[in-house]
Amino acid sequence: MYREAASTLRHSLRRVASSSSALPGAARFPAPASSRFLGSAAARGSCSGAATVTERPASAWRGLATMADGSSRFGHVLTSLPKPGGGEYGKYYSLPALNDPRIERLPYSIQYLLESAIRNCDGFQITEKDVENIIDWENTAPKLVEIPFKPARVLLQDFTGVPAIVDLASMRDAMARLGDDPGKIDPLIPVDLVIDHSVQADVVRSENALQANMQREFDRNKERFAFLRWGSMAFNNMLIVPPGSGIVHQVNLEYLGRVVFNTNGILYPDSVLGTDSHTTMIDGMGVAGWGVGGIEAEATMLGQPMSMVLPSVVGFKLSGKLRDGVTATDLVLTVTQILRKHGVVGKFVEFYGEGMSELAVANRATIANMSPEYGATMGFFPVDHVTLGYLKLTGRSDEKVEMVEAYLRANNMFVDYNKTQTERVYSSYLELDLADVEPCVSGPKRPHDRVALKDMKADWHACLRNKASFKGFGVPKEQQDKVVKFSFHGQPAQIRHGSVVIAAITSCTNTSNPSVMLGAGLVAKKAYELGLEVNPWIKTSLAPGSGAVTKYLQKSGLQKYLDHLGFNLIGYGCTTCIGNSGELDEDVAKAITANDIIAAAVLSGNRNFEGRIHALVRANYLASPPLVVAYALAGTVDIDFEEEPIGKGKDGKDVYFKDIWPSNEEIAEVEQSSVLPDMFRNTYEAITQGNPMWNQLSVPKAKRFPWDPNSTYIHDPPFFKDITPTPPGPSSVEDAYCLLKFGDSITTDHISPAGSIPRDSPAGKYLLERGVQPKDFNSYGSRRGNDEVMARGTFANIRIVNRLLNGEVGPKTVHVPTGEKLFVFDAAMRYKADGHHTIVLAGEEYGSGSSRDWAAKGPMLLGVKAVIAKSFERIHRSNLVGMGVLPLCFRPGEDADSLGLTGHERYTIRLPSNVSEIQPGQDVQVVTDSGKSFTCKLRIDTLVELAYFDHGGILHYVLRNLVKQQQQQ
């Protein structure tokens, strides 16, 4: 709990007590009773244990945070929802029954926050004032009012799920050391974890690629998977979907998403916080969901309500329909560019307008998926008839769909385009005529750098000659046209700048969309019939997000054409999109490195940051699946598809892009006959059974995990080793050295890479010292359960640019006292050994990209006390606070360069030792030993975050609250 000195914190802090949330609804498909860890929603354990109320008597605690027993302060609006044929679906908290005209004008997305607040209003964690603030959104949102939010569930993938369960296991040990019950560390709300980030594109262009890659996945990750299986049995309310089942967001869309819960007879909307930033994909189905940091999700699992600033909402009106030949991928890349330009960081985006009736849920989900790329917290599509059709298509029962519609209509949360729409109020407005969207790609280094397909050749040449930047490679003119000839397995081959070496149909963003997947198959079919081939040195792959994709590609007869071009099924997982692209062929790799070739990857993913896809591939373009196939056939991104042929057909004639591109009518015809509800039902019935490799994993049955000190995958982290019963309180940063100085757009991939571990890196050396051979290094992402590896992997991206090194690229820095150039980890350890604090200087958008908690955990373990940046990405800023690292922003118009900061100064940031003397967002003075001083804004944004910082982090806060509860009983 807070120290006595901090007891004057305002009442808002009192509601940061822990709570619990909804029990899961019934499983949609049958599953064995023993399948809690195999994927059955029905088989999750019931809520158990108790939660804590901060500064409240223990008797005030409520058992279920969703108040599914009807005990909310708003019980008077609890209303029966009758079934058409008699009886009732259940009861619900009625928004219309509040009889407040302001509610009708609220954006639908804000109504979801309102419903949750009303249902959970208990007078201390969520108060009537919170409810009023949400109802009065038009006036309160501009004031950045803080509200608590309780989601229905939490969603994890294995890269973020392993460290989350490691933390929970370590917290159980810490509870025991503090003399309390370790069993209190148990998820109090449903947790869904899908293992999808571990499979790599090792084996491609082979009929047995799927089985071979899964075997390698288990060989590499057996220890991690066994740990996750232990977690599924040691913790209640935890559902784990095993490897080989699909990509988390596609599984969420097709299977896990409830849209409406029915828990103990109480109906309420589905909502989810996920540890992957693309959790927003579920917004396309009318489920409110967004990404949070792993540590924030862990606190939410343990009953902690999420504190958030009531967001502004951008209304995005869609009209018209997409032209023939234009895909959902083209649309989302266009939307991303528009919204990045508008500025939507920290905001909700809500889509509406007559164009919605022309937009399938799969297309909506594609747009919602890339919310992180355009910067929004959510890209929300309210439920309408199109949504209901999708629920039926994906195998949800008629009764379930009828209940969803009845509830949302009754609560005025359903959009019926056949009726006059109540005008909703938005913070700002945008509009797009879908007919204006044109085919495009995005790259070569950022998702929002859209390039119209017709401009691609000119843009590529501009990128070659531009100086090194997000849109430039700085290739001298005399080297731009060089051709490198090499031998590929004894065959003559050649590459040049722009040659495609990776072509991957990958990622939940697009593989969840039947129209673009079938479109890719039709391109392959037309190409095969014309006699086109893909160069054998291009690494081609197909990794869809669920088995349903395989079923409809096979039924349509199109999979065989993809196979012929080398797009064989290699696995069900994220693969290339997250950097699990596997190794390039040795001949290709040598040709690239020996000749400094700017090679290209084309992928149907959502991220293309430099160094993410493959260390040797510097130009990465996001494109629709059909375009991935087209570029693979062309063999280069240096092509004008309108003017230049893709290749020569079997008759010796030139074949052009238009010759292989299917019409929307062709795609729709195949989709109508090939995508069927039974495919989804059968797919998800199968995953509840697990698979033999998963089912045979042997795991301990102990409630506390038996740590193996020799493990290089799972290691007891140091975060809670020395936790004290009382919080340490704020402390000043004294005479800190600058560990790193960055420019703009440093991503979480730069801070904590997920890809391969170089042999000569600190992490590689650590593994070698412990007998791990390079072939078994796996990836940084797979090693996130081991803090020793991850600390060494912090700031280890080989493409990172540290300005202390005057533009040199690589994971090193200058140890300021000696002037030595060292790996970042080695320099940080030397600073720590000498008792010195460190800080990081950065530019705009620091921490953009994936919502990985290790991008905050790693710097904390390196001894970084503060990050001073021009701006922060939303989730990463929250993660820094959650790990006790101070985020500060330069004043508008100022940065390190304008202030004349070289990074060789020593920095002092004075904070009061009494947390009650600190205000969220206040000015903070930074003083250097060079005589320069400047003022920054403290980016601890809420009183709740201030409480976390006082405790040294959010999980420390939760632990102390749980112990405090025991003392009160």
Asker: Evaluate the ring planes of W460 and F473, with Trp represented by its six-membered ring, and classify them as parallel (under 30°), tilted (30 to 60°) or perpendicular (over 60°).
Answerer: tilted
Asker: If you measure from the Lys or Arg side-chain nitrogens to the Asp or Glu carboxylate oxygens, is any gap between D654 and K648 under 4.0 Å?
Answerer: yes
Asker: With rounding to the nearest 0.5 Å, note down the distance linking NZ in K539 to CG in L584.
Answerer: 6.5 Å
Asker: Tell me, please, which residues at least two apart from K653 pass salt bridge (charged side-chain N to carboxylate O under 4.0 Å, His left out).
Answerer: none
Asker: CG of D283 to NE2 of H278: how many Å apart, nearest 0.5 Å?
Answerer: 12.0 Å
Asker: Looking at D449 and R446, is any side-chain nitrogen of the basic one under 4.0 Å from a carboxylate oxygen of the acidic one?
Answerer: yes
Asker: Using 30° and 60° as the class boundaries, would you call the ring planes of H564 and Y528 parallel, tilted or perpendicular?
Answerer: perpendicular
Asker: Looking at residues at least two apart in the chain, or sitting in another chain, which of them share a salt bridge (charged side-chain N to carboxylate O under 4.0 Å, His left out) with E529?
Answerer: K525
Asker: Less than 3.5 Å apart, which donor and acceptor atoms pair up between the side chains of residues 620-627 and the rest of the protein, not counting sequence neighbours?
Answerer:
residue : atom : partner : partner atom : Å
N620    : ND2  : V617    : O            : 3.3
S624    : OG   : L627    : N            : 3.3

Asker: Which residues pass the salt bridge (charged side-chain N to carboxylate O under 4.0 Å, His left out) test with E586, not counting sequence neighbours?
Answerer: K590
Asker: Sorted by first residue and then second, give each side chain to side chain donor-acceptor pair (under 3.5 Å) pair with at least one member in residues 484-498; sequence neighbours left out.
Answerer: H489-D585
Asker: Determine the interplanar angle of the F641 and Y631 rings, folded into 0 to 90°, and report it as parallel if under 30°, tilted if 30 to 60°, perpendicular if over 60°.
Answerer: tilted
Asker: Using a strict threshold of under 4.0 Å (side-chain N to carboxylate O), is an ion pair present between R681 and D678?
Answerer: yes
Asker: If you round to the nearest 0.5 Å, how far is CG of L530 from NZ of K650?
Answerer: 7.5 Å
Asker: Taking NZ, NE, NH1 and NH2 as the nitrogens, is one of them in R618 or D596 under 4.0 Å from a carboxylate oxygen of the other?
Answerer: yes
Asker: Working to the nearest 0.5 angstrom, can you tell me the gap between R852 CZ and D749 CG?
Answerer: 4.5 Å
Asker: Please name all residues satisfying salt bridge (charged side-chain N to carboxylate O under 4.0 Å, His left out) with K321, sequence neighbours left out, ordered by chain then number.
Answerer: none
